[in-house]
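This report refers to the structure that appears directly beneath it.
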Amino acid sequence: MSKARLATEIIEPELETMRLAALASTGILDTAPESCYDAITHLCAVYFKADVVLLGFGDVSRVWVKSYVGHEIHEIPRRNSLFEMVLAADGPVVVSDVSALPHAQRLLVQSRRPDIVFFASAPVRSSEGCILGSLSIFCSDPYLSKNPDQISMLENLANMVASQLELRRIQNSLSQQSAREPRPSLTLSSQSQIWPRAQDLRRALEQRQFVLYYQPEVELATRKIIGLEALIRWNHPQRGLIPPMDFIPLAEESGLILPIGDWGLSEACSQIQHWCRQDSRSTTLRVCVNLSARQFSREGLADHVEALLLQTGLSSRQLGLEMTESSLIPNVKTALHVLGSLRRLGVSLLMDDFGTGYSSLNHLHSFPFDVLKIDRSFVGRITESEQSLQIVRTIIELARVLGMDVVAEGIETVEQYEVLLKLGCRFGQGFLFARPMTAEAVTELLTLPERILPEPRN
Ligand code: C2E
Ligand code: MG
Ligand code: MG
């Protein structure tokens, strides 16, 4: 465990100037307290059994609290806080008896909550490494002193705050840039050259050119197939198989995603029904279908899914619905309502591409998801980037605390597979095990003894 470091109230002036400039560039101090950080502080309270949790950013004279649990504090004069200790330390700070600190008398937390004995804090740094603020926990029970591993969880959560801030900084600078350089509007002639057009999609739907491919999801420890993800392709008569990212955005924009999505859902349900008829073991498989934003702004989605389940005689356990956080944001109120109805039906709800949305953590609490799918950008770097490794570790830990399952997406190498197993990730999918394949190829795969995929090799 890192020992409590001595408070140093002298910070090098150049470093402090750099730090304040980095803090200003995030814009965090110009905004009102934001609920998007509450999920992190609440998670800390639950995970560490902390009495008080504070996420604060320190300027010249004050620590501005952006989120708190346990005690309402909006700002603390810097000299009455423990921020100097965080600045002086080169990592997390752990104090097992706050009252023994030389300046304990003037600490705001101490004066409001004299029962607090234990303090731990991890810095929130900018991409240049400057300490902008800290994520701190205060406990009346010193139990954490006996459990040093948990401090790395605090560091991981502070790093997640830092990533969210960095993303916001990039988004701010991009939106300022695009406001300065407006894109030329499309002329009619250039529009007509864009392919595909909505009418091409409409025709594809009429001519039944869409197909579903399926990628197996496995239990990592056993490599047993536990489910499949349905992934749409457009089988174009001249252009061949077209991947979803080349037509789903247009389908969304034109509204055609509704009939295409309805087709996908009913096709997947009929396919499961078919597999179950062939082999009763298939009743334990869960087939997951991706949904996009437009499908959520429709109130009737849950009724539609219920009707499909009745029609095909499937149990709701056999169907999963995947959605990204960004698809829920445009209309959070409707999404919450629709998700609640789907949840009551009993279908699984999976948050796709988790970790890429900039307020991911915020929505974990409010949306009723059963499964987090770790975005493949983290899995792909897990063996090369310490940061990706830590993010994946934290997501797995968060899911455990929240009682959710985790699926790692995009596993491509044996090394990534081994790391995920060590981290305790239960489920996964990726080219290492199986690529997305036709329904016929899946039928073949399902005849494997015990449905266990062979040991993968690079
Ligand atoms: P997603 O839901 O995150 O699906 C996973 C994507 O990762 C798939 O791409 C899959 O082929 C790919 N993938 C799986 N394992 C690996 C791997 O090991 N390495 C790499 N590099 N990639 C891997 P795909 O099929 O091109 O789909 C892309 C996205 O299109 C999906 O991302 C999903 O957001 C969307 N999509 C697919 N089908 C549908 C659909 O029926 N409806 C809607 N609304 N969206 C869909
Ligand atoms: Mg998906
Ligand atoms: Mg995904």
Side-chain angles (χ1 to χ4, degrees), residues 201 204-205 209-218 220 225 227-235 240-269 271 286-298 301 305 319-328 330 348-357 360 369-383 392 395 406-417 420 427-439 441-442 453 456 458:
L201 287 184
L205 196 58
Q209 291 172 0
F210 292 114
V211 280
L212 288 184
Y213 271 45
Y214 297 87
Q215 184 178 36
E217 272 180 41
V218 297
L220 292 177
I225 302 173
L228 297 144
E229 178 176 8
L231 295 157
I232 198 168
R233 272 98 183 89
W234 177 0
N235 196 0
L241 220 50
I242 300 171
M245 291 332 280
D246 291 358
F247 62 89
I248 291 285
L250 171 66
E252 279 170 0
E253 208 177 291
S254 60
L256 283 166
I257 193 67
L258 296 179
I260 295 175
D262 286 352
W263 171 84
L265 261 172
S266 81
E267 175 68 19
C269 289
Q271 188 58 58
R286 177 181 66 197
V287 177
C288 298
V289 178
N290 290 279
L291 296 183
S292 52
R294 284 264 191 141
Q295 292 171 275
F296 280 100
S297 20
R298 252 199 329 185
L301 180 64
V305 170
L319 185 67
L321 299 174
E322 297 194 5
M323 57 224 86
T324 58
E325 176 197 16
S326 55
S327 68
L328 303 172
S348 305
L349 300 176
L350 298 87
M351 188 184 261
D352 207 349
D353 304 347
F354 185 73
T356 52
S360 292
F369 285 99
D370 314 275
V371 182
L372 294 183
K373 296 192 77 172
I374 308 177
D375 190 67
R376 68 169 196 260
S377 59
F378 302 119
V379 176
R381 293 194 299 258
I382 198 171
T383 53
V392 173
I395 295 175
V406 181
V407 178
E409 296 187 286
I411 308 171
E412 291 185 350
T413 67
V414 171
E415 291 74 22
Q416 290 163 358
Y417 174 34
L420 286 161
F427 304 106
Q429 65 187 94
F431 294 170
L432 181 70
F433 302 107
R435 287 184 176 253
M437 57 185 88
T438 59
V442 173
L453 294 176
N458 283 337

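Numbering of ligands and ligand atoms starts at 1, following listing order.
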In the protein, which heavy atom is nearest to [atom], and how far is it?
atom	value
atom 29 (C) of ligand 1	Met245 SD, 3.5 Å
atom 11 (O) of ligand 1	Pro436 CG, 3.3 Å
atom 24 (P) of ligand 1	Pro244 CG, 3.7 Å
atom 18 (O) of ligand 1	Phe431 N, 2.8 Å
atom 39 (C) of ligand 1	Ile232 CG2, 3.6 Å
atom 5 (C) of ligand 1	Glu409 OE2, 4.0 Å
atom 12 (C) of ligand 1	Arg376 NH1, 3.6 Å
atom 1 (P) of ligand 1	Asp352 OD2, 3.6 Å

Problem - Candidate pair Leu291 and Leu301, rule side chain to side chain contact (heavy atoms under 4.5 Å, CB included), full reasoning - result: CA-CA 10 Å; Leu291 296 183; Leu301 180 64; 3.9 Å; yes
For [X], atoms of ligand 1 separated by under 4.0 Å from a heavy atom:
X	result
Ser292	44 (N)
Gln215	14 (C), 15 (N)
Glu412	17 (C), 18 (O), 19 (N), 20 (C), 21 (N)
Gly430	15 (N), 18 (O)

Problem - Apex the Mg ion (ligand 2) - arms OD2 from Asp352 and OD1 from Asn290 - angle rounded to 10° - result: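 About 90°, to the nearest ten degrees.
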Handout entry: Where the Mg ion (ligand 2) is the vertex, angle from Glu229 OE2 to Glu322 OE1 to 10°
Key =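 Between OE1 of Glu322 and OE2 of Glu229, the angle at the Mg ion (ligand 2) is about 90°.
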Exercise for the section: Please work out whether the ring planes of Trp234 and Phe247 are parallel, tilted or perpendicular, with thresholds of 30° and 60°. Expected result: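 Rings of Trp234 and Phe247: perpendicular, as their planes differ by over 60°.
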Test your reading of the model: is there a side-chain donor-acceptor pair from [X] to the backbone of [Y], 3.5 Å cut-off?
X	Y	answer
Asn458	Thr413	no
Asn235	Gln209	no
Glu267	Trp263	no

Handout entry: Proximity to ligand 1 by part of Gln429, non-hydrogen separation under 4.0 Å
Key =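 The answer is neither.
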Exercise for the section: Could you see which bit of Asp353 sits under 4.0 Å from ligand 1, with heavy atoms only: side chain, backbone, both or neither? Expected result: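 It is the side chain that touches ligand 1; the backbone stays farther off.
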Practice task
Examine Phe433 together with Tyr417 and report whether their ring centres are nearer than 6.0 Å.
Solution key: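 They qualify: ring centres under 6.0 Å apart.
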Exercise for the section: Please step through side chain to side chain contact (heavy atoms under 4.5 Å, CB included) for the pair Val407 and Phe354, ending with a clear verdict. Expected result: CA-CA 10 Å; Val407 178; Phe354 185 73; over 6 Å; no
Practice task
Take Ile248 and Leu250 through the test side chain to side chain contact (heavy atoms under 4.5 Å, CB included) and record every step on the way to the result.
Solution key: CA-CA 5 Å; Ile248 291 285; Leu250 171 66; over 6 Å; no
Practice task
Say whether Glu252 and ligand 1 are in contact under the criterion: heavy-atom distance to a ligand atom below 4.0 Å.
Solution key: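 No, that is not the case, since the closest heavy atom of the residue is not under 4.0 Å from the ligand.
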Exercise for the section: Consider ligand 1: state whether an atom of it lies below 4.0 angstrom from any non-hydrogen atom of Glu229. Expected result: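 Contact present.
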Practice task
Look at atom 42 (N) of ligand 1 and find which of Ile257, Ile242, Leu231, Asn290 reaches it with the closest heavy atom.
Solution key: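 It is Asn290 that holds the nearest heavy atom.
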Exercise for the section: Please indicate, with yes or no, if any protein heavy atom is found under 4.0 Å from atom 32 (O) of ligand 1? Expected result: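 Protein heavy atom within 4.0 Å of atom 32 (O) of ligand 1: absent.
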Handout entry: atom 15 (N) of ligand 1 protein-contacted (non-hydrogen atom, under 4.0 angstrom)
Key =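 Yes; the ligand atom in question has protein heavy-atom contact below 4.0 Å.
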Handout entry: Heavy-atom side-chain proximity of Tyr213 to Leu241 below 4.5 angstrom
Key =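 Side-chain contact under 4.5 Å: yes.
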Problem - Under 3.5 Å side-chain donor-acceptor pair for Glu229 and Asn290 - result: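 There is such a pair (donor and acceptor under 3.5 Å, judged by atom type) between the side chains of Glu229 and Asn290.
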Practice task
Return yes if a side-chain donor-acceptor contact under 3.5 Å exists between Thr383 and Glu415, otherwise no.
Solution key: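 There is no such pair (donor and acceptor under 3.5 Å, judged by atom type) between the side chains of Thr383 and Glu415.
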Handout entry: Metal-centred angle, the Mg ion (ligand 3) as apex - OD1 of Asp353, OE1 of Glu409, 10° resolution
Key =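 The two atoms subtend 90° at the Mg ion (ligand 3).
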Practice task
Evaluate side chain to side chain contact (heavy atoms under 4.5 Å, CB included) for Phe431 paired with Gln215, printing each intermediate quantity in order.
Solution key: CA-CA 9 Å; Phe431 294 170; Gln215 184 178 36; 4.0 Å; yes
Exercise for the section: Identify, with sequence neighbours excluded, every residue that meets side chain to side chain donor-acceptor pair (under 3.5 Å) alongside Arg286. Expected result: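 Here the qualifying residues are Ser348.
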